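One structure below.
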Amino acid sequence: MFSIINLTNGFATHASRVRTLVAIGCAIAALGGAEAQTVGWPMHGGNANDARHSELTSIDAGNVGRLGLAWSFEDFVVRGRTHRGMQATPLVVDGLMYVTGPWSVIYALDARTGKLLWQHDPQVPGGWARKACCDVVNRGVAVAEGKVFSATLDGYLIALDARDGRLLWREDTLIDRKRAYTITGAPRLTDKLVVIGNGGGELGVRGYVSAYERDTGELAWRFFTVPGQGPDEHPEVGVARATWSRDSRFEFGLGGTVWDSMTFDPESRLLYVGVGNGSPWPAWVRSPGGGDNLYLSSILALDADSGRLKWHYQTTPADSWDYTATQNMILADLRLGAGVRKVIMQAPKNGFFYVLDRRTGELLSAQPYTDVTWATRVDPVTGRPQLDASARYEHGQAIVAPSIAGGHNWQPMAFSPRTGLAYIPVLTEHMTFVPWRDGYRPDTISVEARVADPAKTGDQDLLLESRWSAPQSVLVAWDPARAKSIWHGPVRPWWGGGVLSTANVIVQGGSDGLLMVHDATNGRVLKTIAVGTAISAAPITYAIDGVQYIAVVAGLGGSIKTFPWGSAALEHENSERLLVFRLDGGPLRLPPRVTPKVRRAPLDHSNIDAAKAARGSQLFLDHCGRCHAPNGIPNNYPDLWNLPAAAYAAFETIVLRGALEHAGMPRFDDVLSPADVADIRDFIIRDDALSRGTR
Ligand code: CA
């Protein structure tokens with residue numbers, strides 16, 4: 001179990017270390033008093049260290065009780081009636097806020113008032129939603145030299161004039177537009193270039209990262225993270241190839257997508273890149289002859305100018321559990337033992353918190369920050385995890401923690417140089433992995449995996465050993481110098497929110513629709529604001545003319561397929577919102593309450609053949625179930641079990657001919673026949689009628 005340390009002793013220890021840290025100049029641009037200051041949030045992680053910490057002090061533990069709404073913006077582009085996930089980190093530069101919403105739309109607002117100054121809709125084809133594992137979300141933009149750089153779901157990198165949103169250039173970043181490539185991540189900047197990766201590791205693509213000239217959009221370099229079917233594009237691909245078996249399934253792309261985190265260190269001029277999971281997930285399918293499968297689940301340090309690899313560290317060799325190393329990375333100078341080390345820190349999905357020397361990649365520490373069963377430890381000498389045999393699932397099911405959601409996902413953690421602590425939005429969940437059954441198809445999710453259910457699998461003992469009852473989310477304060485947890489916040493519903501550190505407080509939302517402010521030293525909850533909308537994204541902070549603001553986007557979606565127990569989306573309509581707070585702000589309007597669903601009468605199913613419905617059930621799982629939940633379980637997408645009869649008659653027009661494509665319902669006529677669609681429809685109508693008595 002976690003224990004909360006003696007706060008008096010703990011604080012004294014931290015205070016002395018903080019003084020040291022500040023003395024050596026590690027503290028992030030100390031800004032002093034915020035009065036009459038105008039301070040932006042110019043980079044994705046707030047500053048060059050990507051620490052998501054601000055030294056603004058107008059809002060602190062002493063006055064945060066006065067926090068209220070300054071302004072909100074809710075006029076996000078919604079296609080059809082389907083709300084989508086909100087994941088962006090807003091940037092604030094020169095008094096303007098640049099934020100993104102679903103469908104890669106960019107909004108520029110007056111950061112003091114919320115007035116919309118311009119918006120740019122890149123008109124992403126609605127059918128591209130089918131290529132997205134995890135919704136048509138977007139995590140934000142980069143801003144430099146009067147340009148806003150953003151990437152679109154359908155793979156374009158664009159540059160806009162920051163003043164008026166005028167399109168300056170647009171580049172296609174995809175190497176194969178037939179594959180399921182998407183971009184949901186924010187571009188990042190080196191001192192000269194703009195860099196972007198992509199997603200698709202669940203759906204059969206080959207990962208890479210590309211750097212472009214900021215003025216022209218010309219490609220400067222490209223680094224492939226896994227070997228391909230053709231000749232090696234650069235020497236590192238050859239090095240990687242030696243860690244894959246000859247019979248690897250190159251036709252499936254092999255994964256390794258760079259879908260979120262990258263950070264540039266101006267001092268070493270290295271660009272750190274977080275690499276995702278393999279495609280498909282099971283290593284024995286992907287690379288039947290074994291091997292570590294570089295550079296999956298790795299942190300890469302690339303020369304920022306040339307894209308050449310300086311070092312790499314693989315967090316999960318031969319990963320089979322979707323343990324991406326794409327989670328956010330933070331740079332810091334840490335006192336470790338007798339000396340101060342320049343480190344990079346990451347809490348990837350695999351459950352270990354890594355501290356590496358950021359110049360060499362040397363492992364300095366790796367300890368579990370949540371329940372971990374797949375490995376017993378990370379060997380400090382070799383840097384390799386020692387696998388636990390219980391996590392293998394080639395020949396039978398295995399219950400593994402963390403789950404495919406990870407101990408920590410894209411919701412960013414923060415690091416405060418004041419306390420020397422990292423603040424991790426931790427996810428706790430065990431998951432049952434079951435062995436491969438069908439042949440792999442690039443347009444379906446890679447492997448069956450499900451949440452461990454003690455009632456069905458007899459896993460009570462395992463769940464009872466959990467630090468928290470699963471699945472939940474919890475904020476953990478982690479001391480990277482001592483490689484241990486210091487405190488944790490209250491246990492909250494599944495799928496927590498990203499974290500902001502400012503002055504001596506920690507700000508985090510959650511799917512419960514609560515924005516919580518904690519004391520950074522001991523986790524005490526100082527203020528809770530009910531916003532009525534689930535918050536997954538991380539808050540930011542900025543100041544204009546001495547007034548400090550805290551901003552966060554809200555709206556549940558992304559990889560969440562059904563609204564979790566305890567989430568605000570079960571109570572209030574899950575619309576997209578941007579909420580900005582300040583001291584002595586006003587009250588907040590909650591979204592309308594969810595209207596109770598009226599079930600229509602069951603439709604006649606007497607002529608529906610059971611065998612055809614069973615076939616329809618499998619087709620539904622393969623092609624529809626990534627978005628639509630079965631049987632009226634609440635989520636963002638239309639309830640196919642409760643459609644008016646006329647809508648079923650229109651199924652073929654919708655599913656095969658794209659009648660609702662603009663709204664994000666793609667056409668499937670390349671993989672489904674009219675007979676397939678009829679079977680899916682019949683399965684739904686029959687299942688709806690037969691299940692009436694069971695609910
Ligand atoms: Ca993944």
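Note that these values count all heavy atoms, side chains included, but never hydrogens, waters or copies made by symmetry. In this text the structure is predicted, and so the values were computed from the model without any measurement. Whatever order the structure lists them in is the order used to number ligands and atoms, beginning at 1.
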Quiz item: Within less than 3.0 Å of the Ca ion (ligand 1), any N, O or S from T257?
Solution: no
Self-check item: T100 and R139 side chains, donor-acceptor separation under 3.5 Å
Solution: no
Self-check item: Y323: ring-ring contact (aromatic ring centres under 6.0 Å, His included) partners, not counting sequence neighbours
Solution: W321, W374
Quiz item: With the Ca ion (ligand 1) as the point of reference, which N/O/S atom of D322 is the closest?
Solution: OD1
Quiz prompt | Electrostatic pair D319-K349, nearest N-O below 4.0 angstrom | solution = no
Quiz item: Looking only at heavy atoms, what is the nearest atom pair of Q346 and T315, with distance?
Solution: OE1-CG2, 4.3 Å
Quiz item: What atom name does the N, O or S atom of E202 nearest to the Ca ion (ligand 1) carry?
Solution: OE2
